[in-house]
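Okay, structure first, notes after.
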There are 2 protein chains.
Amino acid sequence: MTKQKTKFVILGLLTIEPMSGYDIKKMIGETIGHFWSESNGQLYPALIQLVNDRLIVLEEKQKKGKKESHLYAITDLGREALETWLGEDIEGKNIQRDEELLKLFFGKNASPSTTVQLLQKREKRVKEKLDQFLLIQKELATLTTSPHHLYWSLSLKNGIYRAQAELRWCQESIQAIKKG
Amino acid sequence: MTKQKTKFVILGLLTIEPMSGYDIKKMIGETIGHFWSESNGQLYPALIQLVNDRLIVLEEKQKKGKKESHLYAITDLGREALETWLGEDIEGKNIQRDEELLKLFFGKNASPSTTVQLLQKREKRVKEKLDQFLLIQKELATLTTSPHHLYWSLSLKNGIYRAQAELRWCQESIQAIKKG
DNA sequence: CTCAACATGTAACTCGTTACATGATTGG
DNA sequence: CCAATCATGTAACGAGTTACATGTTGAG
């Protein structure tokens, strides 16, 4: 019943290939960044714990000069733990807080132009995100051979659909406030 | 640069009408529940602080027998603080974590049926939510006179659009995994 | 009588970020 | 030489939930 998912993120990414903590951090940004993030303060302690629990092992510890690079790999025990977690039901409603929607909801207390600006900024942000997603989608299309491909493209598509819905909503909402 | 938004939620809701802490909690669930939540551990201390800061006042403290009911109202200072916050830019990217998408992304490590089940549960949940939203939308349609109406209906519509996009994605993804 | 809803509050806890410390390597 | 990126880690803080304590009121 641990709520912290950091360990599973690490285990999951290490099924792709052995990596260092630094690599994991970067890879999070490049792959699951649109619905997940981890900070160093979570990541590095989790790596140490996973080694203690024998779910991952430190394969190589390179020292070129004094620069360290720790290469971690998932163990069979780790794969087991990951699979167990993948089969578990998600628990509890965790409401996604959205400060902008909160401000919009209280829009009566601000000038319409303030709220319009709020929405225009959201629109711009979402647009940029959508463009990024579409670019990544193109790159992904060249990697159809990977066994990960289907799952990666589906999770990306989720971001795309959301962004499109959000964009449409922003545009309609801006119009509605300008009229009303 | 406070990150805690609880105070603004309280201020915002008190612009509708004076309320008790209990009322605020309930109202959160009934209005902004699809993108916001507050726990008692945040709410009650925040109310006390807001009184200290003169942003709200305790209008009535009813004691029928020993049952207490505190009725709070927003002050002019409170309205000012709210308006200031409404005009401020949102800061920092807070990535919305989504455990189900995380599991999907790591789908290669599970059986397709496990992942399909995951998505079917999501689909069911989203469907129920969408139905709720559509019901609320009908109720809202009867309150067109309120100055809040436009903003409330737009924030609700955001939930509806998202849910629809999510639903479509769930259905397509389930099909894609079943085929692939 | 009992259960659910009303009503307020607090202590302990976990989660997660921020900001820092430390140092190496590489490209302009 | 300097900035960016590589690379690992920790301490302190703040946000937020959970679980509890306490008691009332009204419906069945």
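Hydrogens, waters and symmetry mates play no part in the numbers below; they use all other heavy atoms, side chains included. Per chain, numbering begins at 1; letters A, B, ... match sequence-line order.
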* Answer yes when A:Arg168 and A:Glu172 have at least one side-chain N-carboxylate O distance shorter than 4.0 Å, and no when they do not. => yes

* Asked: So, is A:Ser20 near the phosphate of D:dT8, with a side-chain N or O under 4.0 Å from OP1 or OP2?
  -> yes

* Asked: Reckon B:Ser37 has a side-chain N or O less than 4.0 Å from the OP1 or OP2 of D:dT17?
  -> yes

* Sidechain-backbone polar pair: A:Asn158 side chain, A:Ser155 backbone, donor-acceptor under 3.5 Å -> no

* Which nucleotide sits closest to the side chain of B:Gln4: D:dG16, D:dT5, D:dT17? -> D:dG16

* To do: Provide, to the nearest angstrom, the distance between the CD atom belonging to B:Glu38 and the P atom belonging to C:dT10.
  => 16 Å

* Structure fact -> Among the nucleotides D:dT18, C:dT8, D:dA15, whichever has the atom closest to the side chain of B:Tyr44 is C:dT8

* Choose from C:dT10, C:dC6, C:dA7 the nucleotide whose nearest atom is closest to any side-chain atom of B:Asn40. => C:dT10

* To do: Output, in order, the C-alpha distance, side-chain angles, deciding distance and verdict of salt bridge (charged side-chain N to carboxylate O under 4.0 Å, His left out) for B:Glu100 and B:Arg125.
  => CA-CA 12 Å; B:Glu100 281 172 332; B:Arg125 230 179 37 244; 2.9 Å; yes

* B:Lys3 vs C:dT18: side-chain N/O to OP1/OP2 distance below 4.0 Å -> yes

* To do: For A:Gly41, report the nucleic acid contact type (base, sugar-phosphate, nothing); a contact means any heavy atom under 4.0 Å.
  => base

* Using atom CG of B:Asn94 as one end and atom P of D:dG16 as the other, report the distance to the nearest whole Å. => 10 Å

* Provide, to the nearest angstrom, the distance between the CD1 atom belonging to A:Ile10 and the C1' atom belonging to D:dG9. => 14 Å

* To do: Figure out the CD/P separation between B:Gln96 and C:dC15, and round it to whole Å.
  => 19 Å

* Asked: Of the options B:Glu128, B:Glu99, B:Glu166, which is the one that meets B:Arg122 in a salt bridge (Lys or Arg N to Asp or Glu O under 4.0 Å)?
  -> B:Glu166

* **Residue A:Ser39, side-chain heavy atoms: nucleotide from C:dT18, D:dT17, D:dA7 that is nearest** => C:dT18

* To do: Measure the distance from CD on B:Gln49 to P on D:dG16 and round it to the nearest whole Å.
  => 14 Å

* **Short side-chain N/O contact to C:dT8 OP1/OP2 from B:Lys25, under 4.0 Å** => no

* Asked: At under 4.0 Å between heavy atoms, what does A:Gln42 touch on the DNA or RNA strands: base, sugar-phosphate, or nothing?
  -> base

* Asked: Distance under 6.0 Å and angle within 45° of the ring axis: does A:Lys157 meet both against B:Trp169?
  -> no

* Please state how far atom CE in B:Met27 lies from atom P in C:dA7, giving the value in whole angstrom units. => 13 Å

* Asked: Any donor-acceptor pair under 3.5 Å linking the side chain of A:Ser146 with the backbone of A:His148?
  -> yes

* Whole Å only: how far is the CG atom of B:Leu43 from the P atom of C:dT10? -> 12 Å

* Atom-to-atom span, CD1 of A:Ile95 to C1' of D:dT18 - whole angstrom -> 17 Å

* Axial bend angle, the helix from C:dC1-D:dG28 to C:dG28-D:dC1: five-pair end segments, nearest 10° -> 30°

* Side-chain N or O of A:Arg97 closer than 4.0 Å to phosphate OP1/OP2 of D:dG16 -> yes

* Asked: Mind checking whether A:His70 and A:Tyr72 have parallel, tilted or perpendicular rings, split at 30° and 60°?
  -> perpendicular

* To do: Name the closest nucleotide to the B:Tyr22 side chain, picking from D:dT18, C:dT18, C:dT8.
  => C:dT8

* Heavy atoms under 4.0 Å, any strand shown: does A:Thr6 hit a base, just sugar-phosphate, or nothing? -> nothing

What side-chain donor-acceptor pairs closer than 3.5 Å can you find for residues 38-46 of chain A, not counting sequence neighbours?
residue: A:Glu38; atom: OE1; partner: A:Thr6; partner atom: OG1; Å: 3.0
residue: A:Glu38; atom: OE2; partner: A:Thr6; partner atom: OG1; Å: 3.3
residue: A:Glu38; atom: OE2; partner: A:Trp36; partner atom: NE1; Å: 2.8
residue: A:Asn40; atom: OD1; partner: A:Lys25; partner atom: NZ; Å: 3.3
residue: A:Gln42; atom: NE2; partner: A:Thr6; partner atom: OG1; Å: 3.3

